[in-house]
Amino acid sequence: MKKPGSTSQEDDKPRGPEKATDEKPGVSNFIRDIIDEDLGNNKNGGRIHTRFPPEPNGYLHIGHAKSMFVNFGIAEDYNGLYNLRFDDTNPVKEDTEYVDSIMEDIRWLGFNWEDRLFYASDYFDQLYEWALKLIKDGKAYVDDLSADQIREYRGTLTEPGRESPYRNRPVEENLDLFQRMKAGEFPDGSRVLRAKIDMAAGNLNMRDPVMYRVLHATHHRTSDKWCIYPMYDWAHGQSDSIEGITHSLCSLEFEDHRPLYDWYLEQLGVFHPQQIEFARLNINYTVMSKRKLRVLVEEGHVDAWDDPRMPTLSGMRRRGYLPQSIRSFLDKVGVAKRESVVDIALLEHCVREDLNIAAPRVMAVLKPLRVVIENYPEGQVEELTAINNPEDESMGVRRIPFSREIYIEHDDFREDPPKKFFRLSPGREVRLKHAYFIKCERVIKDDKTGEVLELRCTYDPQTKSGEAHDGRKVKGTLHWVSCDHAVPAEVRIYNNLFTVESPDDCEDFRQCINPQSLEILSGCQVEPNLKNVKAGERFQFLRHGYFCVDSKDFSSERPVFNRTVSLRDTWAKIEKAEKKGGK
RNA sequence: UGGGGCGUCGUCAAGCGGUAAGACACCAGCCUUUGGAGCUGGCAUUCCCAGGUUCGAAUCCUGGCGCCCCAGCCA
């Protein structure tokens, strides 16, 4: 018996940068406009170089993937280069565990930074030298104010700030103090190095921003070499400059930081990359903040960062999403400055679109109902031939055993069928996929509860091809498995993690968690070809949806499948509409 | 008059003075041994509002209105 082919996670090999010719024509966005113009002016000698700068303090989610896609994707399309740079300037929050997971996720998405892997911490020495220069130029000073005092002195959104009493210290004293900060002479929080800009600026970021703070913490890369660490603003632009980044593409909330980004670069007189901001990705029925995702994990609302319900890349991978589906989704979402919320239906569409081509079809009964075919010889077993994927003949065929007792889906039988219900009901005939027509003769029910326990049917041996010789038609085609040959399995159905479109608008987003986000079906029966599957393998369960073998909880005795995404369900839609109209 | 952004279909999103792309969703039909997939057609006389400039405005100007971000020694 030939096993169905499959698509597993092992196929998700990283790809190198794509050719610009792969790009569909017509893609247009404001960043490309800017780049086209820069290219036209031969800015940077026609060079395009971007970067993706994650902080290694958590797992990547699809929002990060957008940033990565914008930065890396544009570099690919313009035949430029892109760097991966860990923005590791805050040792108390960062860890190598995150560095590893981030690299794994990026590779999975198919990006390859080649030898261009950097860390902001690579530049700590250079940053320190540059800080010395600013001090010498009278553009930075050591401030002894406490954090609280600095906040008070900063003023408010509508009132200007006040200058620190330490603002006009002599250069020599600043130099001495700063060197001693570095030498570890002062405790955490006692002093900071600040840029001397303008305490009355409308932009708060320009009111003498902190450049360095004292932090006696062990850094995941530099260990205990430093006890002063640069702030984001002081590190980021300079890191971009050192790496020769031409376009530093980041999200909207950094717009206010651009004047500071520019200011530092200008004072230093070094290569000046251009920061351009775009709107981050939001998707309805989920949350996209690292903080909230962390709460979900730490409070046990989900199993882990890679829980298939999470919008993390590791979660989507475990759920069975193909990386190319995420890329095509991001491509369809586009890039703009206006804040927006993308319908999760678009993501699901992209996932189905790829899986429809890639996933071999297989039959699985999630809620089994036993059917005895009374006129089928006892003990007889037939091997029927089934096509693996009608979308791709090269995926071949497989054999499936058929016998007198089978399971069909409980939902495929209705004793009292509503209008437009094409499935099985008393006296009605339907087709069993790849097999015969069967007709329901009798219903066996529990005397007390009335629950349907079993169906007694007859089959027509003349319909083996799946068609009747007399031209008789059936409206429905059901999937099934042979009772004696079926493999028991567990199936996990995932639904939206939240019950509302915008969980961020909930008083407490925890209150909006969908209690039915995970349904575990433990009594499933799947076709015997699914006996020896590998972790991560993907299938279409006929008439249900796309499923993958869970990579963590799967065992050969007991396969566990995750539903990646359901098939579009026209019947569910009809039923819903009927219900609505009917009452 | 604190500063910085943004407002085009239900949801994303093109458009850059010449008379509203595309996608998802939705609706209708065809097809179908998955009520899947596929195919066909429909879906903004109008671009936050009000004036103005122009032969012509979503695009330019003026004035409103609405929404988002910023007061971490986080990124």
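Lettering follows sequence order; numbering is per chain, from 1.
- For the C1' atoms, the distance from B/rG10 to B/rG5 is 25 Å, rounded to whole Å.
- For B/rC26, one of the phosphate oxygens OP1 or OP2 lies less than 4.0 angstrom from a side-chain nitrogen or oxygen of A/Lys573.
- Base pairing annotation: B/rU19 forms no Watson-Crick or G-U wobble pair, as no partner gives both donor-acceptor distances under 3.5 Å.
- If you measure from atom CZ of A/Arg194 to atom C1' of B/rG72, you get 13 Å, rounded to the nearest angstrom.
- Only the C1' atoms considered, B/rC12 is 29 Å distant from B/rG3, to the nearest whole Å.
- For A/Asn29, the side chain to side chain contact (heavy atoms under 4.5 Å, CB included) partners at least two apart in sequence or on another chain are A/Ile31, A/Arg32, A/Val335.
- Among residues two or more places apart in sequence or in another chain, the ring-ring contact (aromatic ring centres under 6.0 Å, His included) test is passed with A/Phe413 by none.
- Nearest-nucleotide positions on RNA chain B place A/His434 closer to the 5' end than the other of A/Asp148 and A/His434.
- Nearest approach of A/Ile357 to A/Asn389, heavy atoms of both residues: O-ND2, 3.1 Å.
- Closest approach of A/Asp354 to A/Gln324, counting heavy atoms only: OD2-CG, 3.3 Å.
- Both distances falling under 3.5 Å, in either a Watson-Crick or a G-U wobble arrangement, occur for no nucleotide opposite B/rA25.
- With a 3.5 Å ceiling on both atom-pair distances, B/rA13 lacks any Watson-Crick or G-U wobble partner.
- For the pair A/Asp33 CG and B/rU59 P, the computed distance is 18 Å after rounding to whole Å.
- Distance check on atom C1': B/rC47 versus B/rG15 gives 10 Å, rounded to whole Å.
- Taking atom C1' in both B/rA37 and B/rC31, one finds a spacing of 11 Å when rounded to whole Å.
- Spacing between B/rC9 and B/rU1 at atom C1', rounded to whole Å, works out to 36 Å.
- When both distances must be under 3.5 Å, the Watson-Crick or G-U wobble mate of B/rG35 does not exist.
- Atom name C1', nucleotides B/rC60 and B/rG2: the rounded distance is 29 Å, in whole Å.
- The phosphate of B/rC73 (OP1 or OP2) has a side-chain N or O of A/Arg154 nearer than 4.0 angstrom.
- In the set B/rG5, B/rA71, B/rU34, the nucleotide with an atom closest to the side chain of A/Arg543 is B/rU34.
- Judged purely by atom type and a 3.5 angstrom limit, A/Arg398 has no side-chain atom pairing as donor or acceptor with the backbone of A/Thr385.
- Distance from the side chain of A/Thr570 is smallest for B/rG35 among the nucleotides B/rC74, B/rG35, B/rG15.
- Within the structure, every side-chain polar atom (N or O) of A/Arg85 is placed at least 4.0 Å from both OP1 and OP2 of B/rA75.
- Side-chain proximity of A/Ala336 to B/rA13, B/rG36, B/rG5: nearest is B/rA13.
- Pair assignment for B/rG2: B/rC70, on the basis of Watson-Crick or G-U wobble contacts that are both within less than 3.5 Å.
- In this structure, A/Leu355 places its CG atom 17 Å from C1' of B/rG38, rounding to the nearest Å.
- The phosphate of B/rA13 (OP1 or OP2) has a side-chain N or O of A/Arg338 nearer than 4.0 angstrom.
- Applying the 5.5 angstrom centroid cut-off and the 30 degree plane-angle cut-off, the aromatic ring of A/Tyr232 is not stacked upon the base of B/rA75.
- In terms of the ring-ring contact (aromatic ring centres under 6.0 Å, His included) criterion, A/Tyr141 has no residue partners (sequence neighbours excluded).
- Taking the syn range as angles within 90° of 0, the glycosidic angle of B/rG72 is syn.
- Side chain of A/Glu94 to backbone of A/Asn90: a donor-acceptor contact under 3.5 angstrom is found.
- You'll find that the side chain of A/Ala345 is closest to B/rA25, out of B/rA25, B/rC12, B/rU34.
- Closest to the side chain of A/Arg213, from the set B/rU11, B/rC70, B/rA75, is B/rA75.
- As rounded to whole Å, 14 Å separates atom P of B/rA14 from atom CG of A/Asp36.
- Counting non-hydrogen atoms under 4.0 angstrom, A/Ile283 reaches nothing in the nucleic acid.
- One atom, CG of A/Asp262, and another, P of B/rG4, lie 14 Å apart when rounded to the nearest Å.
- Judged by distance alone, with hydrogens and angles left aside, A/Asp256 brings a side-chain donor or acceptor within reach of the base of B/rG3, the pair sitting under 3.5 Å.
- In this model, the phosphate group of B/rA13 is approached by a side-chain N or O of A/Ser340 to a distance below 4.0 Å at OP1 or OP2.
- Non-hydrogen atoms lying under 4.0 Å from RNA chain B are contributed by A/Gly189, A/Val192, all within residues 181-193 of chain A.
- Among B/rA25, B/rC74, B/rG15, the nucleotide with an atom closest to any side-chain atom of A/Glu55 is B/rC74.
- You'll find that the side chain of A/Asn90 is closest to B/rA75, out of B/rA75, B/rG4, B/rU34.
- At B/rC24, one or more side-chain N or O atoms of A/His349 fall inside 4.0 Å of OP1 or OP2 (strictly under the cut-off).
- Taking 3.5 Å as the limit, the base of B/rG36 and the side chain of A/Glu391 contain a donor-acceptor pair of atoms between them.
- The separation of B/rA58 from B/rG51, taken at their P atoms, amounts to 14 Å, rounded to a whole angstrom.
- A cation-pi contact links A/Lys182 to A/Trp226, judged by a cut-off of 6.0 Å to the six-membered ring centre and 45° from its axis.
- Of the two residues contacting RNA chain B, namely A/Lys433 and A/Asp88, the nearest-nucleotide position lying further toward the 5' end is that of A/Lys433.
- At least one donor-acceptor pair under 3.5 Å links the side chain of A/Thr156 to the backbone N or O of A/Thr158.
- With sequence neighbours excluded, the residues satisfying ring-ring contact (aromatic ring centres under 6.0 Å, His included) with A/Tyr119 are A/Phe86.
- Rounded to a whole Å, the NE2 atom of A/His257 is 10 Å from the C1' atom of B/rC74.
- What separates CG of A/Asn205 from C1' of B/rC69 is a distance of 11 Å, to the nearest Å.
- For A/Thr156, taking side-chain heavy atoms from C-beta onward, the closest of the listed nucleotides B/rA71, B/rU34, B/rG2 is B/rA71.
- Looking at residues two or more places apart in sequence or on another chain, you find no ring-ring contact (aromatic ring centres under 6.0 Å, His included) involving A/Phe186.
- The pairing partner recorded for B/rA58 is none, the criterion being a Watson-Crick or G-U wobble arrangement whose two distances lie under 3.5 angstrom.
- Nucleotides B/rU19 and B/rU59 place their P atoms 15 Å apart, quoted to the nearest Å.
- Considering only the side chain of A/Arg423, B/rG35 comes nearest among B/rG35, B/rC70, B/rU34.
- As a whole-Å value, the separation of A/Arg431 CZ from B/rU34 P is 7 Å.
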- Begin from the C-alpha positions of A/Phe69 and A/Ile62 and carry the test side-chain contact (heavy atoms from CB on, under 4.5 Å) through to its verdict. CA-CA 10 Å; A/Phe69 185 76; A/Ile62 193 167; over 6 Å; no

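- Of all nucleotides listed (B/rA75, B/rG35, B/rC24), B/rG35 comes nearest to the side chain of A/Thr477.
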